[in-house]
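Here is the naming used below: chain letters follow the sequence lines, and residue numbers restart at 1 for every chain. All values below were derived from every heavy atom in this structure, side-chain atoms included, with hydrogens, water molecules and symmetry-related copies excluded.
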2 protein chains.
Amino acid sequence: MCLIVSDVTSDTPAPLSAIEQRVLDAALECSARWGFARVTIDDIARSSGVSRASIYRFFPGGKEVLFESLRVRELEAFFTELRTEVAASESLEDLMVRSVVTATRCLRNDAHLASMLASEPGEALGQLTVDGLPRIIRMASMTLIPLARPFMAPHDASRVIDLLARLTISYFLAPSEDVDLTDEADARRFLAPVLAVAAGAGSEHPITPDRSSR
Amino acid sequence: MCLIVSDVTSDTPAPLSAIEQRVLDAALECSARWGFARVTIDDIARSSGVSRASIYRFFPGGKEVLFESLRVRELEAFFTELRTEVAASESLEDLMVRSVVTATRCLRNDAHLASMLASEPGEALGQLTVDGLPRIIRMASMTLIPLARPFMAPHDASRVIDLLARLTISYFLAPSEDVDLTDEADARRFLAPVLAVAAGAGSEHPITPDRSSR
DNA sequence: GACGCTGAGACACAGTGTGTCTTATCGTCT
DNA sequence: AGACGATAAGACACACTGTGTCTCAGCGTC
């Protein structure tokens with residue numbers, strides 16, 4: 001609990017300077033071209049025009065810290081765009097459907113993500129599932145809970161968003177024949193029951209009944 | 001002189017086995033994805049399903065030898081395709097124009113070449129100009145001199161082919177606003193004078209007058 | 001059963017990227 | 001003009017990783 005709070009507050013620790021942005025841009029470009037594992041700090045330095053020394057100054061800890069910053073930045077950009085797309089929704093269903101559709105479309109149109117998935121599936125998948133998923137869900141919650149406020153209590157919204165985020169990523173990574181989540185009507189048809197169940201069940205009993213006995 | 005002969009005869013030293021082809025395929029794929037400098041033998045081994053030990057067995061000398069074989073194979077494939085495209089030409093001009101046009105189109109459609117040029121201009125350019133150009137010209141001569149035989153003496157054809165190969169590569173690397181060598185009519189209009197001059201001058205006096213005095 | 005071929009792994013070595021320095025250079029502010 | 005902060009450039013030791021060469025085991029073929 002404490003961890004989560006400190007995590008959330010430290011999510012926007014410092015607005016990045018222009019030079020840091022340039023470094024991250026270069027890192028994004030390089031990793032898209034060569035894959036995360038094959039990029040060197042030197043590549044990023046050359047590509048950004050920022051000296052290696054300065055990169056270490058800005059991102060003490062080197063590559064790991066740098067790419068962590070990059071992931072945070074990209075994630076924030078992603079959800080900032082998502083928010084502007086869905087802010088005007090006038091019902092819970094609208095909000096959720098449009099969020100899923102917009103997110104899926106963004107993911108599908110992301111050339112960098114596609115390169116990463118192609119050239120380094122391990123790393124990229126990790127950032128979409130095990131390692132990165134909690135953060136993604138946290139960002140999704142921070143973005144969407146306020147927008148869901150008029151329709152739903154934060155606690156219930158949180159559970160629905162968690163579910164939808166997982167579904168979105170799963171259907172992005174392994175599209176189903178049955179539903180195309182980039183198509184709004186299709187997505188609405190598919191998501192309506194899910195939303196109904198999740199929303200309905202929410203207030204009654206916890207979504208994860210205690211199974212620690214088995 | 002002696003060198004050239006030995007070079008030509010050693011150009012087709014051994015037909016590659018299926019497993020060697022697989023290795024080269026993998027090398028091509030890997031280098032297209034990551035760039036020549038970033039590919040490891042391990043990548044190629046994994047990608048081809050051939051063990052590292054075997055790769056060194058087939059290409060003693062490692063990466064350098066392997067990629068040399070790859071370049072030879074690609075070059076041969078290129079000119080084999082070119083020959084089938086232009087074999088039916090019924091005049092010298094036809095032959096030369098169609099060769100240039102076909103070659104230019106092939107170069108422009110070559111995704112691997114494009115990747116290499118994008119990610120590692122130095123290496124790729126070297127193979128198209130300083131280091132690789134003599135070989136390209138040699139292959140072009142071997143391919144086209146026989147086809148030009150009905151219209152032109154080998155010695156003259158050799159000089160014309162040399163010239164056209166250089167022009168083709170130059171216009172591929174730095175296209176001109178004035179002429180589009182992928183367009184046959186355009187190329188014909190552009191090349192006709194060149195062909196006339198080169199062919200005409202050939203029989204009269206050497207194309208490289210002795211300037212050793214300066 | 002002998003043979004050839006391939007994969008798997010160990011090995012020393014060289015090369016290169018890393019992360020941390022120090023120093024030089026630039027632009028800005030006072 | 002001088003002082004200051006920020007950045008580039010380069011040196012450095014270190015660790016890691018890719019290389020090239022082994023040896024050995026497994027497999028199929030003759």
In whole Å, what is the span from the [atom1] atom of [X] to the [atom2] atom of [N]?
| X | N | atom1 | atom2 | value |
| --- | --- | --- | --- | --- |
| A:R46 | D:dT7 | CZ | C1' | 18 Å |
| A:W34 | C:dG17 | CH2 | C1' | 14 Å |
| A:I55 | D:dA8 | CD1 | P | 9 Å |
| A:L66 | C:dG19 | CG | P | 10 Å |
| A:K63 | D:dA15 | NZ | C1' | 14 Å |
| B:R22 | C:dC5 | CZ | C1' | 13 Å |
| A:I41 | C:dG17 | CD1 | C1' | 9 Å |
| B:D42 | D:dC16 | CG | P | 18 Å |

Rounded at 0.5 Å granularity, tell me how far OG1 in B:T102 sits from CG in B:L181.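 Output value for this atom pair is 11.5 Å.
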
Interatomic spacing from CG in B:L70 to CD in B:E20 - rounded to 0.5 Å: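 Taking CG in B:L70 and CD in B:E20, the distance rounds to 12.5 Å.
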
Beyond-backbone contact of B:C106 with B:L82, side-chain heavy atoms, under 4.5 angstrom: no

Measure from the side-chain heavy atoms of [X] and tell me the nearest of [options].
| X | options | value |
| --- | --- | --- |
| B:F58 | C:dT18, C:dT6, D:dA8 | C:dT6 |
| A:T40 | C:dT18, D:dT21, D:dT7 | C:dT18 |
| A:R52 | C:dG7, C:dT20, D:dT7 | C:dT20 |

Is the shortest side-chain N to carboxylate O distance from A:E68 to A:R71 below 4.0 Å?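 Looking at A:E68 and A:R71, the cut-off is met.
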
Quiz item: B:R57 side-chain donor-acceptor pair to C:dG7 base, under 3.5 Å: yes

Check the phosphate of C:dT20 against A:Y56, side-chain N and O only, distance under 4.0 Å to OP1 or OP2. Yes or no? no

Do any N or O atoms from the side chain of A:R188 and from the backbone of A:V97 form a donor-acceptor pair under 3.5 angstrom?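 Such a contact is absent between A:R188 side chain and A:V97 backbone.
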
By nearest heavy atom, map A:A53 and B:S54 onto DNA chain C; which one lands nearer the 5' end?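 Mapping each residue to its closest nucleotide by heavy atoms, the 5'-most match is B:S54.
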
Heavy atoms only, 4.0 Å cut-off, all strands: where does B:F59 land among base, sugar-phosphate and nothing? nothing

